[in-house]
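Data first, discussion second: the structure below is written as structure tokens.
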Amino acid sequence: MAGLSKGQIDALEAAFGHAVAYRQGLGDRPVGPRIDPLEATRRLGGALSEQGRGAVDVINAMVAEADAGLLQTASPRFFAYVAGASHPVGVAADLLCSAWGQISAYAATTPSVVAMENAVCDWVIGLLGLPEASGAGIVTGATMANSVAVMAARHALLRREGWDVEARGLYGAPEIAVVIGAEAHSATAAALRHAGLGAERVHRVATDDQGRMRADDLARVMAGLSGPILVILQAGHVNSGAFDPYSALITSARAKRAWVHVDGAFGLWLRAVPALAGRLAGVDGADSWAVDLHKWLNAPYDAGMVIVRDRSALVGAMSAHGDYLPERGAIANPSDSVPELARRARGVPSYAILQHLGRRGLREMIARHCRLAEDARAALSGIDGLCVMSEASSNQVAFRCGEGAAGDTATDAVLARVQGKGRVYPSHGIWRGRHIIRVSICGHATGEADVAALIADVGEAWAGVQREMETA
Ligand SMILES: *Cc1c(COP(=O)(O)O)cnc(C)c1O
């Protein structure tokens, strides 16, 4: 039987060499991309050749042509959005995942990767302190995890009304009232669209100045509702990192037999740190949760997890076999808990990262990021003219430069200078009608020196922008 050709071996080894060189060289690169999408398209698009090309040549050319258009999310000085830094141990496992090429739909056919993915589900449920018997599925990210959770909610809520939504669809079904916070992440709107519930057919609940859902307003909204109800909460506001007051909210939702879902893309990870878990007290009382693996756990893209207290609701919504549950003790099949059939074993990198960090390493990483966010808040607050809008909640810091409309312009100018300098990379946002700069700290290697570089570059840019404004 033929093994690999010389060219194929060279391509694999070249790719590995490029991967190591890229990661080793991160410190010498600007964090942002150096070319725009048009230029990248020019370099990497074009007509497909008739002839084909040698394996190693393809890989080398790809690396050379892609290089300038990479965003250095793996850099410890990448502070934009909420992005994990693709932990090298996860990358190593991911390479093997591709090499093994497992289908990862059924335990019987690909038992080893399914065992690893099931272990990741159990470990994460345990680390987050969620109900042990929950069902879980590893999907592409929190967007998909939210969508799957909403479909599980739809299944359970309508089943209670005697309606089989998987068989009959939503035509003529009892209406589900959806209750959501005024500052919910856009991914939850996508989930409502995907599930056919409508992104705008929702009851919005007022939030406080950190984006937390207000319990008094939820009580007011709930009082006007009857029938099947889905309540969507959030763990980790994308600008403030703040948490909803779960105990009060869930009590009021439960009084109306609502299904409670929590979008906890990054924030749920605080539950892994005993000293911080209290900030999310009561969150384990919900029915379903969405959490990312590619954010705070630093799994390479893409991976997230949906967790559902009543496993039969998850399986009922996802399995092609209906809500038949494998016998207790039988090994769960990924295909019963996720939308896909054939799929990448995208839990495998997380398996390696969790084993590498251990409980303590994970705890220390999350706690360190929260501490660094506090340091950043304090330092930014100390710079004259900057206004930090986020309180200490988790790993997100939102601030702006100056006041009013002029402040919006100044904030954008400061961000452009900071990103343009290329040493650190925070991102923009709009919050409560004002432009902000958002700092997210979740890279596994991010430390004090990286945050110090961020503070220095922001301070320098703000001084420059102020000088410019004075002379203008
Ligand atoms: C990032 C994020 C999402 C979307 O997650 P993806 O992994 O990008 O799909 C959803 N909700 C919140 C709160 C987030 O921070």
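When reading the values below, keep in mind they use all heavy atoms of this one structure, side chains included, and skip hydrogens, waters and symmetry mates. Whatever order the structure lists them in is the order used to number ligands and atoms, beginning at 1.
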Is there a heavy atom in Met144 that sits closer than 4.0 Å to ligand 1? no
Determine the sole option in Val388, Leu454, Ile437 for which the side-chain contact (heavy atoms from CB on, under 4.5 Å) test with Val397 is passed. Val388
Relative to ligand 1, is Phe266 under 4.0 angstrom through side chain, backbone, both or neither, heavy atoms considered? side chain
We want to know whether His155 and Glu166 form a side-chain donor-acceptor pair, criterion being a heavy-atom distance below 3.5 angstrom. yes
What I want to check is whether the side chains of His435 and Thr411 have a donor and an acceptor closer together than 3.5 Å. no
Within the 3.5 Å criterion, strictly below it, is a donor on Ser104 or Glu117 matched to an acceptor on the partner's side chain? yes
Can you list the ligand 1 atoms lying under 4.0 Å from a non-hydrogen atom of Ala265? 2 (C), 3 (C), 10 (C), 11 (N), 12 (C), 13 (C), 14 (C), 15 (O)
Can you list the atoms of ligand 1 that are under 4.0 Å from a heavy atom of Asp292? 5 (O), 6 (P), 7 (O)
Output yes when the distance from some N or O of ligand 1 to some N or O of Asp263 is under 3.5 Å, and no in every other case. yes
Parallel, tilted or perpendicular for Tyr301 and His294, by the 30°/60° rule? tilted
Pair Asp208 + Arg214: basic N to acidic O under 4.0 Å: no
Give the numbers and elements of all ligand 1 atoms closer than 4.0 Å to a heavy atom of Gly141. 7 (O), 9 (O)
Among protein heavy atoms, which lies nearest atom 14 (C) of ligand 1, and at what distance? Lys295 NZ, 2.9 Å
Measure the distances from the heavy atoms of His237 to every atom of ligand 1 and state whether one is below 4.0 angstrom. no
Which residue holds the protein heavy atom closest to atom 9 (O) of ligand 1, what is that atom called, and what is the gap in Å? Thr143 OG1, 2.6 Å
Going by the angle between their ring planes, with limits at 30° and 60°, are His444 and His87 parallel, tilted or perpendicular? tilted
Donor-acceptor pair between Asn333 and Ser335 side chains, under 3.5 angstrom: no
I'd like to know if Gly236 contacts ligand 1, where contact means a heavy-atom distance under 4.0 Å to any ligand atom. yes
Relative to ligand 1, is Ala142 under 4.0 angstrom through side chain, backbone, both or neither, heavy atoms considered? both
